[in-house]
Structures are given as C-alpha cells and as structure tokens.
A.B. asks: 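Here it is, the structure, as structure tokens.
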Amino acid sequence: MATDNVNPPGLHLPWAGKSVRPEQVEGELTRLWHLAADNMRTSLNVHVRTSVLNFVICALSVESAQRAIMHMPELSNTHIGRVILLILDTSTTAPSTASTWVTLRSSPIASDMMRHHFEQITVITTGAATYSAAHIIQPLLKPDLPVYLWWVDDLPGDSVLFNHLVSMSSRVIVDSSCFLAPEKSCITLSSLVDASPACAFSDLNWGRITPWRELVAQFFDTMEYRPYLAGIYD
C-alpha cells in the first residue's frame, strides 16, 4: 500500500512549492490564489485566472521534469491551464510512496504590472505506486477540461503504465528524438494510436523537421519529377 506524501530520502524540490498531502491540494491552491488576489488589490500586479486544459507532464526523473517545466511560462501564455508534473520512479527496490507539492507560477502578459498565474502540482510516485499514477492524479484534474499528456522521455519498457495514462488523455505528446530504440518505440506508438481512437497523438520531432518535409515535397512541384512519387514509401 502506498504511503501518501512521504518524501523520498534526500529529495529536495524548492521549485515545486509546498509539500502537502493529496487531499490538501485544492485547499492550498485556494489559499495561494487568495494571496495573489491580495496583491492585486494592493495594485502590485494585475492577475488573470483561467484554465483551458489539464496539462500532465510525465517524466522518468527529476532532471527531465526540471527541463520540461522551464518551457511552461512561454507555453502558458497561450494555453493557460493546471499543470501536473508527474515524476515516475519505476525502481522495483523503492518503497511504494506518493508525494505531492503545489505552487503558483506567474509570467508577464504585457508588462511586469500585468501577470497571470498557472497552477503547478508536482507528484512523485515510487515503487509499486507508480503503476497507480493515473488513479493518483485523477482527483487532481480539473473536471470538464481536456487532458493533454506530454511524455517527456523515451517510452517505458512496461507499456501498461503508459497505456493507463493514455486512456485518461485527450491528446498525447511525445518526442521521438528521445527514443533510444526509435523503430521499436514507433511501432509501439503506432499500435497505441490504432487502439486509442478517442485520443490524438503529436510528435514534437515531427514538427521540428517540418522545413525538411516541405523541402522534400517541393522536389515534386515540377511535373517531370512527379512520376517518381510512386517510388516513395514508408
């Protein structure tokens, strides 16, 4: 059985905010929003509070999670939502624990006098609790909003964990440049796409190579090269 909010030994996450029990998350976020509202009333800042989605960032290490969270201020300017940073420790020797932290992060909209906040909930699961990660974060999601899952690292060897998270998501984002075995991972991903018709999939690396794809497509703008298209296959 998992132990709630027993921080893994030696783990210190000052950037994750305040350590709380899972059932205290909503109350602590409400308190932080009240503090932000007090700042607005004293004209220190103008705050915008809204959410259009639940954004679950899933990483297999604290280091990967820290790199991913660095992109959030820029992303939240256009996609404001509740961010759940889920860190999975799949080590079989680790005790079964689930720890949570909460904070508000802010970024300027037009100037430093006009800022908006987004909620960040950090969840670390260890040992057997990792395989219940989807159930652990389910109560933390804002209802009636889509769930976007960003899987930061290579696909896990155990697909059961990944499949559980996919089943609760509206869109899944991966980066195939992180795949250690690209062919195997792409086949796994392709099978998952077929098995999850209600979920959309995106690959950051596919977007990254868009200029190259456009350049290759332009080779066939000339009619004399058009017949060679029939010889291209994947």
A.B. asks: My understanding is that only residues two or more places apart in sequence, or in another chain, count here; which of them pass side-chain hydrogen bond (donor to acceptor under 3.5 Å, both in side chains) with Q24?
C.D. replies: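 If we apply the side-chain hydrogen bond (donor to acceptor under 3.5 Å, both in side chains) test to Q24, skipping adjacent residues, there are no hits.
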
A.B. asks: Roughly how far, to the nearest 0.5 Å, is the CG atom of L161 from the OG1 atom of T130?
C.D. replies: 7.0 Å

A.B. asks: Measure up the W150 and F55 rings against each other and bin them: parallel (under 30°), tilted (30 to 60°), perpendicular (over 60°).
C.D. replies: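 Parallel: the ring planes of W150 and F55 meet at under 30°.
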
A.B. asks: Please check: side-chain N/O of R82 versus main-chain N/O of N54, any donor-acceptor pairing under 3.5 Å?
C.D. replies: no

A.B. asks: According to salt bridge (charged side-chain N to carboxylate O under 4.0 Å, His left out), who are the partners of R31, at least two apart in sequence or on a separate chain?
C.D. replies: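 In terms of salt bridge (charged side-chain N to carboxylate O under 4.0 Å, His left out), with neighbours along the sequence ignored, R31 is linked to E28.
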
A.B. asks: Report yes if the side chains of M168 and I137 come closer than 4.5 Å at any heavy-atom pair, otherwise no.
C.D. replies: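 They are in side-chain contact.
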
A.B. asks: Kindly write out the residues that satisfy ring pair (Phe, Tyr, Trp, His ring centres under 6.0 Å) with F201, not counting sequence neighbours, or none if the list is empty.
C.D. replies: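 Scan of F201 (ring pair (Phe, Tyr, Trp, His ring centres under 6.0 Å), adjacent residues dropped) gives none.
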
A.B. asks: Name the one of D89, T125, T126 that satisfies side chain to side chain donor-acceptor pair (under 3.5 Å) with T97?
C.D. replies: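 With T97 as partner, D89, T125, T126 yield a single side chain to side chain donor-acceptor pair (under 3.5 Å), made by T126.
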
A.B. asks: Does L145 share a hydrophobic cluster with Y148, counting links as ILVMFWY side-chain heavy atoms below 4.5 Å and allowing steps through other members?
C.D. replies: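 In one cluster: no.
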
A.B. asks: Check whether any side-chain heavy atom of E119 sits under 4.5 Å from a side-chain heavy atom of W33, and report yes or no.
C.D. replies: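 Heavy-atom side-chain distance check passes, below 4.5 Å.
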
A.B. asks: Please identify each residue that fulfils side-chain contact (heavy atoms from CB on, under 4.5 Å) with D203, with sequence neighbours left out.
C.D. replies: V174, D175, S176, N205, W206

A.B. asks: State which residues pass side-chain hydrogen bond (donor to acceptor under 3.5 Å, both in side chains) with T122; sequence neighbours excluded, sorted by chain then number.
C.D. replies: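 T122 satisfies side-chain hydrogen bond (donor to acceptor under 3.5 Å, both in side chains) with Q120 once adjacent residues are dropped.
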
A.B. asks: Can you tell me how far the CD1 atom of I121 sits from the CD1 atom of I57, to the nearest 0.5 Å?
C.D. replies: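 Reported value, rounded in 0.5 Å steps: 12.0 Å.
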
A.B. asks: Hey, could you give me the CD1/CD1 distance between I136 and I124, rounded to the nearest 0.5 Å?
C.D. replies: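 Spacing of CD1 (I136) from CD1 (I124) equals 12.0 Å.
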
A.B. asks: Identify the heavy atoms of S177 and R208 that sit nearest to each other, and give their distance.
C.D. replies: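 Minimum heavy-atom separation between S177 and R208: OG-NH1, 3.3 Å.
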
A.B. asks: When you compare the side chain of R171 with that of S202, does any pair of heavy atoms fall below 4.5 Å?
C.D. replies: yes

A.B. asks: Hey, what do you get for CG (L13) to CH2 (W101), rounding to the nearest 0.5 Å?
C.D. replies: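 Here the rounded value is 5.0 Å.
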
A.B. asks: Which residues pass the side-chain contact (heavy atoms from CB on, under 4.5 Å) test with P139, sequence neighbours left out?
C.D. replies: none

A.B. asks: Distance from T103 atom OG1 to K18 atom NZ, nearest 0.5 Å?
C.D. replies: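 It comes to 11.5 Å.
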
A.B. asks: Begin from the C-alpha positions of L88 and Y131 and carry the test side-chain contact (heavy atoms from CB on, under 4.5 Å) through to its verdict.
C.D. replies: CA-CA 9 Å; L88 306 171; Y131 294 93; over 6 Å; no

A.B. asks: Just by distance, do the side chain of S169 and the backbone of L165 share a donor-acceptor pair under 3.5 Å?
C.D. replies: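 Indeed, once roles are kept as given, a pair shorter than 3.5 Å links the two residues.
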
A.B. asks: Is there a chain of hydrophobic side chains (I, L, V, M, F, W, Y, each step under 4.5 Å between heavy atoms) that links M223 to Y225?
C.D. replies: no

A.B. asks: Could you tabulate the donor-acceptor pairs under 3.5 Å formed by side-chain atoms of residues 178-198, not counting sequence neighbours?
C.D. replies:
from: S185; atom 1: OG; to: D154; atom 2: OD1; distance (Å): 3.4
from: S185; atom 1: OG; to: A181; atom 2: O; distance (Å): 3.3
from: T188; atom 1: OG1; to: K184; atom 2: O; distance (Å): 3.1
from: S191; atom 1: OG; to: I187; atom 2: O; distance (Å): 3.1
from: S196; atom 1: OG; to: L192; atom 2: O; distance (Å): 3.0

A.B. asks: How would you list, by chain and number, every residue that makes a side-chain hydrogen bond (donor to acceptor under 3.5 Å, both in side chains) with T210, sequence neighbours excluded?
C.D. replies: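 Checked T210 against side-chain hydrogen bond (donor to acceptor under 3.5 Å, both in side chains); matches are R213.
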
A.B. asks: Could you pull out all residues at least two apart from A59 that satisfy side-chain contact (heavy atoms from CB on, under 4.5 Å)?
C.D. replies: S64, A65, V152, D153

A.B. asks: Please find the pair of heavy atoms, one from W15 and one from R105, that lie closest to each other, and give the distance.
C.D. replies: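 Taking W15 first and R105 second, the nearest heavy atoms are O-NH2, 2.7 Å.
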
A.B. asks: State which residues pass side-chain contact (heavy atoms from CB on, under 4.5 Å) with H135; sequence neighbours excluded, sorted by chain then number.
C.D. replies: none

A.B. asks: Could you see if V160 belongs to whatever hydrophobic cluster contains L86? Use Ile, Leu, Val, Met, Phe, Trp, Tyr and a side-chain cutoff under 4.5 Å.
C.D. replies: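 No.
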
